[in-house]
Amino acid sequence: CKMKKPIFYKELSYVFGLLILVFATALTERADFGMSMVVAPAYILHLKLSEIWPFFTFGVAEYLLQAVIILLMMIILKKVRLIYLLTFVTTILYGLLLDAALLILPEIPNGAYPVRVGLYIGGILMCTAAISFLFKTYFPPAAYEVFVKNISNRFNIKLFTFKTVFDCSFCIVAVLMSFLLLGR
């Protein structure tokens with residue numbers, strides 16, 4: 001008797017990956033120990049601009065920043081492709097779901113360090129799982145990944161090298177934004 005190979009639905013992979021990534025980001029935000037280098041600039045922008053405009057949520061900051069990244073990529077590549085625009089749909093969906101997750105998850109008291117550590121570690125592990133799910137789908141990923149992949153391909157830079165430079169650049173930008181916008 002020949003065993004059938006299990007079917008892994010790419011649509012389910014997309015949904016699971018996106019939902020897990022949303023909750024992973026929300027958990028690390030609630031833990032308040034820091035954010036991923038890639039989402040940190042959007043988070044800092046949210047912290048500053050939400051003081052002026054309460055509607056400027058973390059999710060809104062995420063999809064606006066990713067829209068800028070998509071536009072920058074199209075300018076650099078001198079190309080507009082449907083897949084680039086579909087990436088923005090994923091980004092909006094991610095931003096809306098992130099805001100919903102942050103509404104669901106309660107604030108964690110600053111003194112609850114064991115809980116915060118657990119949330120942070122859980123968020124990092126969930127982020128890893130989410131990315132694994134998202135790699136198994138044909139849907140367009142977030143703008144960050146599309147930017148790195150397309151720019152590295154265009155200029156024949158090793159993907160690992162360009163991703164490292166991209167992440168380090170975002171870290172530097174986040175630190176500068178933190179000092180300039182938040183004073184800390």
Please report whether the ring centroid of Y14 lies less than 6.0 Å from that of F133. no
Do F166 and F147 have ring centres separated by under 6.0 Å? yes
Taking it one step at a time, do E29 and Y43 satisfy side-chain hydrogen bond (donor to acceptor under 3.5 Å, both in side chains)? CA-CA 9 Å; E29 190 277 340; Y43 185 65; 3.0 Å; yes
Is the side chain of [X] donor-acceptor paired with the backbone N or O of [Y] at a distance under 3.5 Å, no angle test?
X: Q66; Y: A143; value: yes
X: S132; Y: T128; value: yes
X: S50; Y: W53; value: no
X: S178; Y: A174; value: no
X: T161; Y: I157; value: no
X: R116; Y: D32; value: yes
X: T137; Y: L134; value: no
X: R30; Y: L119; value: no

Gap between atom CG of L86 and atom CD1 of I70 - 0.5 Å precision: 9.5 Å
Are M126 and V22 side-chain neighbours, meaning at least one heavy-atom pair lies under 4.5 Å? no
Give me the ring orientation class for H46 and F58: parallel if the planes are under 30° apart, tilted from 30 to 60°, perpendicular past 60°. parallel
